[in-house]
Amino acid sequence: MSETPPSAPSGKPEDHAPNFVDELVQAEIDAGRTRLVTRFPPEPNGYLHIGHAKSIVTNFSLARKLPGAHCNLRFDDTNPAKEETEFVESIQEDVRWLGFDWGEHCYFASDYFQQLYDMAERLIREGKAYVDSQSLDDIREGRGSFHQPGTESPFRGRSVDENLDLFRRMRAGEFDEGAHVLRAKIDMASKDLKLRDPVMYRILKVAHHRTGTAWSIYPMYDWAHGQSDAIEGVTHSICTLEFQNHRGLYEWFHEQLGFQDPPRQIEFARLNLTYTVLSKRSLQKLVAAGHVSGWDDPRMPTVAGLRRRGVSPASIRAFCERIGVSKRDSFVDVTLLEHAIREDLNATSPRLMGVLRPLRVVIENYPEDAEETFELALNPGDDAAGSRAVPFCREVFVDREDFMEVPAPKFWRIFPGNEVRLRGACLLTVTRVIKDDAGEVTELRATWDPESRGGNAPDGRKVKGTVHWVSARHAVPAEVRLYDRLFTEENPLSDEERDLVEFLNPDSLEVLSGCMLEPAVREFGPLSRLQLERVGYFCVDAASEDGGLVLNRTIALKDSWAKVAAKR
RNA sequence: UCCGGGAUCGUCCAAUGGCAGGACAACGGACUUUGAAUCCGUGAAUGGAGGUUCGAACCCUCCUCCCGGAACCA
């Protein structure tokens, strides 16, 4: 068995209650709009995380509202110092894995460098842009503040010819970095600081991952992004709240250039998740400092990390659709994500048995060299899932956590004299507890009821407890990695005094070796998702090989016994 | 203090002048060959003060609080 192919999102235009973006676009459609193009515009400078997934789901599902509509994947690669081909590849892989298809519509802002340049010359000729030769600090100071209007640059009055000449020479690489910038000529006294002659181009003598050394000037975000949207015929440019302050400038450029049916920018609240950080900077820090094994560490909220953790793309989509889209700053409870993960895995995961902390049980009235197999459903809730053969013999492993020599109140699993069911196999009663010199339990002796094959006794007597088990003779040893939340605080970034590293959960990873799994696990290849009954959902590690089986725990099953036990 | 946004159960999202509803979480119960899942039930909210109206979460006024904005980053 191997990784399930990415399942396509359901074809329905809406899997969620309409949000304000849906309504706004729908209103335009009702008013006669016939063209609809959205875009997901990542900068290829890092890995995608679940916050990006929210944007991807929003943009791609919006593009299903109208026949012929589509969503572009566009790389906003205007800062060569930070961007790499490695990231464009990982981003494409992640978007695809999430189940979305951009078809022919994969673009790069860097493909528009010439058009952008031509448009900039046009603004210069129209007196709407000029080359400023002030230092970075002088430009910053000249911008003024929230309360003070800015002051005009001494170079603001340069002639069109001089500006054109300088700009061309900037492009030709005649100047050092920082010597000049191209600025839009708008209004240094504007209340909207973005309109105080924003920088459009800076000199950067850095090779670009796609254009190489062809350019020595690169467009700034505000210049490149809006014009890229317009060039692509994007109708709705959906971005996060922090870009609200850019909208005035976004529209100003479009007006100057006279685009017809220009894109409309709409902002929504970015995703925040409890016990998680979703800023590229923080994530980068965790990777660089070695707090996690990499961008795809299963504890990372990156798409790559979630994939390796065993989270399904369907559950990420369901989660994104369920949290909705609004303009309110929000902090989504991670239990909502966990619910979506369990919901999908419960429906789709094959069931197996595995013992994480093995305790040997010798069934004294079972013949020494006999063995037999039981046929168990792979998913009791889904007959189509089929079944697997589970071998059984005189010695089995059970989980140490399922045994108490002196049972706590309401504990109805294994303890001396208590009859329990070995799931799918038989009824069994522990008769004797064997300990080492230190008093540690090392083995249990038990008897079984041969009439109870399959798990029920002919006399119909009830047993309260059912436990999972693995035949000692047939067990497949494995390493199991138990993952938990990466942070101990709901918002690890809320404390300005303390670094997020201080809030790392020391128990976010527990590695168990010598775990014992039923032999059917051999049929599962890397990235296969499965449930270990009564324990949790797991995923065969991407790097797992024969002879070194590794399982990552995606998420534990809910455990109401743990709650009862914790209360005491 | 200036500009741009936002305030509804613990959390997220609805209700667009007419019974404040759903999901998650919590709690209780039923069922159970997974103490899972499933099913049933309980508690839980309109930031504040005025105003308009037969009627306000929604409209108006004032206030309060929260977020973003002064990169040659995106």
Margin query: Given the structure, check if the side chain of A:H16 and the base of B:A14 hold any donor-acceptor pair shorter than 3.5 Å.
Written below: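 No, the side chain and the base share no sub-3.5 Å donor-acceptor pair.
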Item checked: B:G68 base / A:N245 side chain donor-acceptor hit below 3.5 Å ->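 Yes, a donor-acceptor pair under 3.5 Å.
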For [X], which contact category applies under a 4.0 Å heavy-atom criterion: base, sugar-phosphate, or nothing?
{"X": "A:T274", "result": "nothing"}
{"X": "A:I323", "result": "sugar-phosphate"}
{"X": "A:P80", "result": "nothing"}
{"X": "A:M353", "result": "nothing"}
{"X": "A:E267", "result": "nothing"}
{"X": "A:S330", "result": "sugar-phosphate"}
{"X": "A:R328", "result": "base"}
{"X": "A:V181", "result": "base"}
{"X": "A:E490", "result": "nothing"}
{"X": "A:H246", "result": "base"}

Margin query: Strictly distance-based, threshold 3.5 Å: is any side-chain N or O of A:S494 a donor or acceptor partner for the main-chain N or O of A:N491?
Written below: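 At least one qualifying donor-acceptor pair exists.
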Checklist line | A:R264 backbone acceptor or donor facing A:H236 side chain under 3.5 Å | finding: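 Judged by distance alone, no pair lies under 3.5 Å.
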Check: Less than 6.0 Å separating the ring centroids of A:Y221 and A:F243?
Finding: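 Yes, the ring centres sit under 6.0 Å apart.
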Report the nucleotide, chosen from [options], that has the shortest atom-to-atom distance to any side-chain atom of [X].
{"X": "A:R247", "options": "B:C13, B:G5, B:A26", "value": "B:G5"}
{"X": "A:F331", "options": "B:C72, B:C12, B:G5", "value": "B:C12"}
{"X": "A:D333", "options": "B:C72, B:G10, B:C73", "value": "B:G10"}
{"X": "A:S145", "options": "B:A70, B:A15, B:U11", "value": "B:A70"}
{"X": "A:D329", "options": "B:G5, B:A70, B:C72", "value": "B:G5"}

Checklist line | C1' spacing across the pair B:G21 / B:U16, given as an integer number of angstrom | finding: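 These two C1' atoms come out 15 Å apart once rounded.
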Check: Which value, in whole Å, describes the distance between the P atoms of nucleotides B:C39 and B:A23?
Finding: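 B:C39 and B:A23 have their P atoms separated by 10 Å.
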Item checked: Reference residue A:V396; test side chain to side chain contact (heavy atoms under 4.5 Å, CB included); the match among A:V361, A:L359, A:L428, A:V467 ->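 Result for side chain to side chain contact (heavy atoms under 4.5 Å, CB included) with A:V396: A:V361.
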Check: With sequence neighbours excluded, what pairs up with A:D484 under the salt bridge (charged side-chain N to carboxylate O under 4.0 Å, His left out) test?
Finding: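 Partners of A:D484 under the salt bridge (charged side-chain N to carboxylate O under 4.0 Å, His left out) test: none.
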Next item on the list: Name the residue closer to the 5' end of RNA chain B, choosing between A:Y221 and A:E242 according to the nucleotide with the nearest heavy atom.
Entry: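 First, find each residue's nearest nucleotide; the 5'-ward one identifies A:E242.
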Next item on the list: Could you encode protein contacts along nucleotides 33-43 of chain B as a string, one character per nucleotide from 5' to 3', using B for base contact, S for sugar-phosphate-only contact and - for no contact, with a heavy-atom cut-off of under 4.0 Å?
Entry: BBBSS------
Item checked: Pairing string, 5' to 3', for RNA chain B - Watson-Crick or wobble contacts under 3.5 Å, brackets [ ] where pairs cross, | to another strand -> .((((((..((((....[..)))).(((((.......)))))....(((((..]....))))))))))).....
